[in-house]
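The block underneath contains the structure these notes are about, expressed in structure tokens.
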Amino acid sequence: MVNFDIRHFNTLDSTNTYLKALAQSGEKEGVVIIADKQTSGRGRRGKSFYSPEGTGLYMSILLRPDSTKVNPTLITTATAVALSVAIEEVYETKVSVKWVNDIYLGDKKLAGILTESSFSCNPDLNYVVVGIGVNLTTEYFPDEIKDIAVSLGEDRKDELVKSILAHFSLLYSDLSSPDIYRQYLERSFIIGKEIEILGENKVLGKAIGIDESFRLEVELVNKERIFLSSGEVSIKVKKE
Ligand code: BTN
């Protein structure tokens, strides 16, 4: 079990950036950084994560897993399950997971996860920082974000944090448990949907499944089947 040490801030540039600096200076596993507001919140693929005060939960967790045994994708997927279960528990609403790191409510994005890791020759300085951003209200969001984002609508941040950490701690103690895969799969948002693989060229296909290594199986337009690894590609679900 991880011993969590929760530290609150009013404003940070990014809870992930702040925690990565602490990790590099030797901070222990289990430190959790929460900010009311981020001035440079970050998402995957260099995107920014809109994080004004009073609209969301912005938190990061420092982990020091055994680098010879752990694959950071498993930490992202375990976090997706822990976050989904926690939201469902606290807000009594069912959510789904869009491969690989987005949580959806209906057909809009509710939350995202940004996992950043560093593995070097000094094992004492190896770390994984998992960042979680959840929309609590979209009232003040600009229209272009409002169109694609959804929120929980009520601030039960303290309960939510408690529940996320409790579920995460349990899953983190056995990252290869088939239970994580089962819970991830049963919430999958994209299986059976038409998708676009984001990259230099536009590639279209249909999401067929997710294997036990959390690779996405896609059938391309020419019927060829390929497997996508989470670290390499992102996808966009096509509107029906
Ligand atoms: C994504 O949607 O691509 C991931 C979003 C992750 C946002 C969270 S908010 C807390 C933590 N700090 C950051 O700068 N990003 C993550």
Side-chain angles (χ1 to χ4, degrees), residues 2 4 6 12-24 27-35 38 40-49 51 56-87 95 97-104 109-120 123 125-135 160-161 164-165 167-177 180-181 183-184 187-190 198 210 212-216 228-235:
V2 186
F4 294 111
I6 303 178
L12 288 175
D13 52 352
S14 146
T15 55
N16 265 38
T17 308
Y18 181 83
L19 193 49
K20 278 165 68 180
L22 288 189
Q24 275 148 16
E27 190 57 273
K28 62 184 186 303
E29 173 168 90
V31 171
V32 177
I33 301 295
I34 299 178
Q38 300 182 115
S40 301
R42 296 182 289 107
R44 286 180 82 218
R45 295 166 58 85
K47 287 196 183 154
S48 63
F49 189 80
S51 329
L57 167 66
Y58 316 116
M59 68 184 275
S60 301
I61 310 168
L62 173 58
L63 303 166
R64 294 204 183 269
D66 180 344
S67 60
T68 57
K69 293 195 194 133
V70 88
N71 159 0
T73 298
L74 296 184
I75 296 186
T76 303
T77 48
T79 306
V81 172
L83 178 56
S84 301
V85 174
I87 292 169
V95 294
V97 181
K98 194 202 108 191
W99 185 87
V100 59
N101 66 326
D102 288 336
I103 308 300
Y104 270 55
K109 180 165 165 171
L110 173 68
I113 298 163
L114 176 65
T115 306
E116 298 183 285
S117 49
S118 169
F119 295 109
S120 67
L125 292 184
N126 289 346
Y127 68 80
V128 176
V129 164
V130 193
I132 296 172
V134 184
N135 300 330
L160 186 58
V161 169
I164 293 169
L165 295 177
H167 289 290
F168 178 79
S169 180
L170 218 60
L171 301 179
Y172 181 63
S173 64
D174 183 9
L175 283 173
S176 51
S177 160
I180 300 181
Y181 175 64
Q183 295 195 68
Y184 187 91
R187 291 183 174 80
S188 172
F189 175 73
I190 62 166
L198 303 175
I210 295 169
E212 290 189 11
S213 305
F214 294 95
R215 292 181 309 164
L216 182 68
L228 304 178
S229 296
S230 66
E232 293 155 22
V233 278
S234 286
I235 52 135

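The chain is numbered in sequence order, starting from 1. In this text the structure is predicted, and so the values were computed from the model without any measurement. The figures that follow rest on heavy atoms only: side chains count, while hydrogens, waters and symmetry mates do not.
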message = Is it the case that the side chain of S14 and the backbone of N16 share a donor-acceptor pair, with hydrogens and angles ignored and the cut-off at 3.5 Å?
response = yes
query = Hey, are the side chains of V128 and F119 touching, using non-hydrogen atoms and a 4.5 Å cut-off?
reply = yes
inquiry  = Y127 and side-chain hydrogen bond (donor to acceptor under 3.5 Å, both in side chains): which single residue from Q24, E116, K20 fits?
reply    = Q24
remark   = Nearest heavy-atom contact between S169 and F4 is CB-CE1, 3.9 Å
Donor-acceptor contact below 3.5 Å, side chain S51 vs main chain F49 = yes
Atom pair CG (L83) and CG (D102), whose distance is rounded to the nearest 0.5 Å = 10.5 Å
ask   = Within a strict 4.5 Å, meaning less than it, do heavy atoms of the V85 and L171 side chains meet?
value = no
task = With side chain to side chain contact (heavy atoms under 4.5 Å, CB included) as the test, would you mind laying out the steps for T15 and Q38 before giving the verdict?
result = CA-CA 7 Å; T15 55; Q38 300 182 115; 3.3 Å; yes
key: Heavy-atom pair with the smallest gap, counting every atom of S188 and I210   = OG-CD1, 3.9 Å
task = Taking salt bridge (Lys or Arg N to Asp or Glu O under 4.0 Å) as the test, write out the residues that go with R64, two or more places apart.
result = none
query = Looking at OG1 of T76 and CD1 of I132, how far apart are the two atoms once the value is rounded to the nearest 0.5 Å?
reply = 10.0 Å
request  = Starting at NZ of K98, measure out to CG of L216 and round the result to the nearest 0.5 Å.
outcome  = 10.5 Å
task = Taking all heavy atoms of E29 and all of P65, pick out the closest pair and write down the distance.
result = OE2-N, 4.1 Å
remark   = For G131 and S60, the nearest pair of non-hydrogen atoms, with its separation, is CA-OG, 3.8 Å
ask   = Which is it for V2 and I61 under the side chain to side chain contact (heavy atoms under 4.5 Å, CB included) test, yes or no, and what are the steps along the way?
value = CA-CA 10 Å; V2 186; I61 310 168; 5.9 Å; no
task = Identify, with sequence neighbours excluded, every residue that meets salt bridge (Lys or Arg N to Asp or Glu O under 4.0 Å) alongside K47.
result = none
query = With no hydrogens and no angle check, is any side-chain donor or acceptor of D13 less than 3.5 Å from a backbone partner on G41?
reply = no
message = With a 3.5 Å distance limit and no angle check, can you tell me whether N101 reaches the backbone of I113 through a side-chain donor-acceptor pair?
response = yes
ask   = Does the side chain to side chain contact (heavy atoms under 4.5 Å, CB included) test come out yes or no for V100 and T77, once each step is laid out?
value = CA-CA 7 Å; V100 59; T77 48; 4.1 Å; yes
key: Which atom of V81 lies closest to which atom of I180, heavy atoms considered   = CG2-O, 3.7 Å
ask   = After noting the C-alpha distance and the side-chain angles of V97 and I103, does the key distance pass the side chain to side chain contact (heavy atoms under 4.5 Å, CB included) rule?
value = CA-CA 5 Å; V97 181; I103 308 300; 4.1 Å; yes
message = Nearest 0.5 Å, please: how far is CD1 in I87 from CD1 in I164?
response = 6.5 Å
ask   = Are the side chains of V161 and L57 in touch, meaning some heavy atoms are under 4.5 Å apart?
value = yes
note = Distance col, row L114:CG vs T17:OG1, nearest 0.5 angstrom, shows 8.5 Å
request  = Looking only at non-hydrogen atoms, find the nearest pair between W99 and F214 and report the distance.
outcome  = NE1-O, 2.9 Å
query = Between atom OH of Y184 and atom OG1 of T79, what is the distance when rounded to the nearest 0.5 Å?
reply = 11.0 Å
